[in-house]
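Quick notes on the structure that follows.
To find a chain, count down the sequence lines: A is the first, B the second, and so on, and within it residues start at 1.
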Amino acid sequence: MKKTLIVVLGPTGVGKSKLSIKLAQYFRTEIISSDSRQVYSELSIGTAVPPEVDLQKVKHHLIHSHSVHDDYNASQFEKDVLAILDHLFREKDTAVMTGGSMLYIDAVCHGMDRLPDADPELRSRLIRDFNEKGIEHLRLQLKKLDPHYYSVADLKNPKRLLHAIEVCLITGKTYTSLRTNQKKERLFRIIKIGLNLERGELYERINRRVDQMIEEGLEQEARHVYPLRNLNSLNTVGYKELFAYFDGETDRDKAIELIRRNSRHYARRQLTWFRRDQDIAWFRPEQEKEIIHYVESKLT
RNA sequence: GGUGCCAUAGCUCAGUUGGUAGAGCAACGGACUGAAAAUCCGUGUGUCCCUGGUUCAAUUCCAGGUGGCACCA
């Protein structure tokens with residue numbers, strides 16, 4: 001029998017975790033989190049890690065598996081998930097993956113091209129150059145290293161330019177030549193379940209969840225990691241806004257309002273990304289029966 | 001009940017010496033291959049409260065109405 005990965009995706013706060021537990025229980029299997037921030041063990045409240053009771057019900061993978069000090073990325077995630085699945089599929093026919101990190105989901109479903117690991121020293125040098133000389137400097141460098149990518153790149157986006165440059169410098173090849181634009185073959189079947197709500201309803205849920213996080217002690221959690229604020233892992237909604245408050249740049253209410261807004265913006269970006277994926281079957285989060293029925297119809 | 005002020009975008013407001021309007025915030029659309037909860041690009045979405053009058057033309061002027069606020073009774 002062909003093994004199956006059931007992917008539950010959707011905007012933040014829509015109710016993915018709850019449904020995933022139901023699915024995992026129904027199919028007697030385990031859950032892999034596809035959330036780029038829940039992997040960090042220092043973060044719980046602000047990343048909406050499921051409560052301990054839920055984690056007890058079903059085994060979860062890649063939650064609190066790393067530290068904010070670790071360099072983690074989508075490619076590493078792809079490798080980690082494939083290893084977990086390899087192990088899991090020896091015993092189970094299905095597995096559930098749930099989370100909203102778009103690139104991470106695609107890394108598992110489509111695969112990432114083989115590129116070199118980032119060299120921390122080179123990266124910080126390039127960042128320093130960018131800060132001192134501006135984006136024009138990055139553009140000129142890229143134009144020399146990879147004229148083709150330069151012609152199609154988003155020339156206003158420093159991260160994109162910088163990454164292409166570092167890949168060229170490390171490999172001695174052009175970034176273009178390493179981008180295959182091909183889906184990787186997977187040995188398992190993938191079923192994508194998308195959860196969504198009417199926009200106003202979703203925003204209400206997001207706003208309410210932020211208030212709940214504050215009640216549960218998000219401020220204290222953020223204060224705990226405040227000294228590490230420069231780590232990329234802490235460039236995260238729910239923390240960066242509170243850091244600004246701790247710095248005295250805004251007041252508390254303003255910071256909380258910004259968390260709400262930035263969470264809404266994040267949800268929108270997620271929906272934009274998912275919209276173009278034709279493989280997703282969309283449901284409302286409470287349609288458990290319909291979803292199970294849909295999955296079973298795909299399994300036969 | 002009387003007098004005065006106000007009514008313009010989802011919100012707070014600006015403006016048009018009469019030629020159908022614009023800021024901030026919010027909102028909306030898009031991109032995305034190893035930092036992705038990141039990063040970047042784009043978009044005013046409007047019965048200018050209603051009805052009538054004056055006028056070639058009214059969101060703007062006039063009258064009445066409705067609603068809100070303030071003060072006086």
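- Using a 4.0 Å heavy-atom distance criterion, His110(A) is classed as making no nucleic acid contact.
- Salt bridge absent: Glu201(A) and Arg205(A) never bring a charged side-chain N and a carboxylate O closer than 4.0 Å.
- Sorted by first then second residue, the ring pair (Phe, Tyr, Trp, His ring centres under 6.0 Å) pairs that include residues 8-62 of chain A, not counting sequence neighbours, number zero.
- In this entry the distance linking CG of Asn262(A) with P of A36(B) reads 16 Å, nearest Å.
- Atom NZ of Lys92(A) has more than 12 heavy atoms from other residues, nucleotides or ligands within 6.0 Å.
- On the P atoms, C25(B) is 36 Å away from G67(B), given to the nearest whole Å.
- In terms of the ring-ring contact (aromatic ring centres under 6.0 Å, His included) criterion, Tyr239(A) has no residue partners (sequence neighbours excluded).
- In this structure, Tyr104(A) reaches the sugar-phosphate backbone alone: every heavy-atom distance under 4.0 Å involves primed, P, OP1 or OP2 atoms, never a base.
- Of the charged side-chain nitrogens involved, at least one lies within less than 4.0 Å of a carboxylate oxygen, so that Glu136(A) and Arg139(A) count as a salt-bridged pair.
- Sequence order on RNA chain B of the closest nucleotides to Val237(A) and Leu162(A) puts Leu162(A) first from the 5' end.
- Contact check, Asn232(A) against U39(B): no side-chain N or O comes under 4.0 Å of OP1 or OP2.
- Taking atom CZ on Arg160(A) and atom P on C41(B), their separation rounds to 11 Å, with Å as the unit.
- A sub-4.0 Å separation between OP1 or OP2 of U33(B) and a side-chain N or O of Arg179(A) is present.
- Side-chain N/O atoms of Tyr72(A) include none lying less than 4.0 angstrom from OP1 or OP2 on A35(B).
- Nucleotides U3(B) and C11(B) have their C1' atoms positioned 31 Å apart, rounded to a whole Å.
- Spacing between atom CG of Leu234(A) and atom C1' of A36(B) amounts to 15 Å, rounded to whole angstrom units.
- For the C1' atoms, the distance from A26(B) to A9(B) is 11 Å, rounded to whole Å.
- Proximity of the aromatic rings of Tyr175(A) and His148(A) is defined here by a centroid distance below 6.0 angstrom, and this criterion is not met.
- Residue-level contact check: Asp71(A) touches neither bases nor backbone, having no heavy atom under 4.0 Å from any strand.
- Residues Asp80(A) and Tyr72(A) come closest through the heavy atom pair OD2-OH, 2.7 Å.
- When the P atom is compared between A7(B) and C40(B), the two are found 40 Å apart, to the nearest whole Å.
- Look at the C1' atom in both G10(B) and C56(B): the space between them is 37 Å, to the nearest Å.
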- Task: Show your working on side-chain hydrogen bond (donor to acceptor under 3.5 Å, both in side chains) between Gln270(A) and Tyr266(A) and close with a plain yes or no.
- Result: CA-CA 6 Å; Gln270(A) 289 173 301; Tyr266(A) 174 48; 3.1 Å; yes
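- The separation between Arg139(A) atom CZ and C40(B) atom P is 13 Å, rounded to whole Å.
- Atom-to-atom, CD of Gln270(A) to P of C32(B) comes out at 17 Å; the value is rounded to the nearest Å.
- A donor and an acceptor atom never sit less than 3.5 Å apart when one is taken from the side chain of Asp106(A) and the other from the base of U33(B).
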- Task: Determine, for nucleotides 25-30 of chain B in 5'-to-3' order, which nucleotides have protein heavy atoms under 4.0 Å from the base (write B), from only the sugar-phosphate (write S), or from neither (write -).
- Result: -SSBBS
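- Listed by chain and residue number, nothing satisfies the side chain to side chain donor-acceptor pair (under 3.5 Å) test with Arg269(A) (two or more places apart in sequence, or in another chain).
- Annotation: U8(B) and G46(B) have their P atoms spaced 15 Å apart (nearest Å).
- The phosphate of A36(B) (OP1 or OP2) has a side-chain N or O of Arg37(A) nearer than 4.0 angstrom.
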- Note on the structure: Under the rule of Watson-Crick or G-U wobble with both distances under 3.5 Å, where | means paired to another strand and [ ] a crossing pair, RNA chain B maps to (((((((..((((.....[..)))).(((((.......))))).....(((((..]....)))))))))))).
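- Residue order along RNA chain B, read from the 5' end via each residue's closest nucleotide, puts Trp273(A) first among Trp273(A) and Met213(A).
- No more than 12 heavy-atom neighbours from other residues, nucleotides or ligands sit within 6.0 angstrom of CD on Glu91(A).
- Rounded to whole angstrom, the span from the CG atom of Asn157(A) across to the C1' atom of C40(B) amounts to 4 Å.
- Between Tyr266(A) atom OH and C32(B) atom C1' there is a gap of 13 Å when expressed in whole angstrom units.
- Heavy atoms of Asn235(A) sit under 4.0 angstrom from primed sugar atoms or phosphate atoms, though from no base atom.
- Base engagement by Arg276(A) is indicated by at least one non-hydrogen atom pair under 4.0 Å involving a base atom.
- For Lys79(A), the side-chain contact (heavy atoms from CB on, under 4.5 Å) criterion is met by Ser75(A), Gln76(A), not counting sequence neighbours.
- For the P atoms, the distance from U54(B) to U47(B) is 27 Å, rounded to whole Å.
- Classification of Lys3(A) and Asp93(A) as a salt-bridged pair holds, one side-chain N sitting under 4.0 Å from a carboxylate O.
- Rounded to whole Å, the separation between the P atoms of A58(B) and G15(B) comes to 23 Å.
- At a threshold of 4.0 angstrom between heavy atoms, the contacts of Ile206(A) with the nucleic acid are absent.
- Nucleic acid contact for Tyr175(A): sugar-phosphate only, since backbone atoms but no base atoms lie under 4.0 Å from a heavy atom of the residue.
- Thr47(A) comes within 4.0 angstrom of a base, heavy atoms only.
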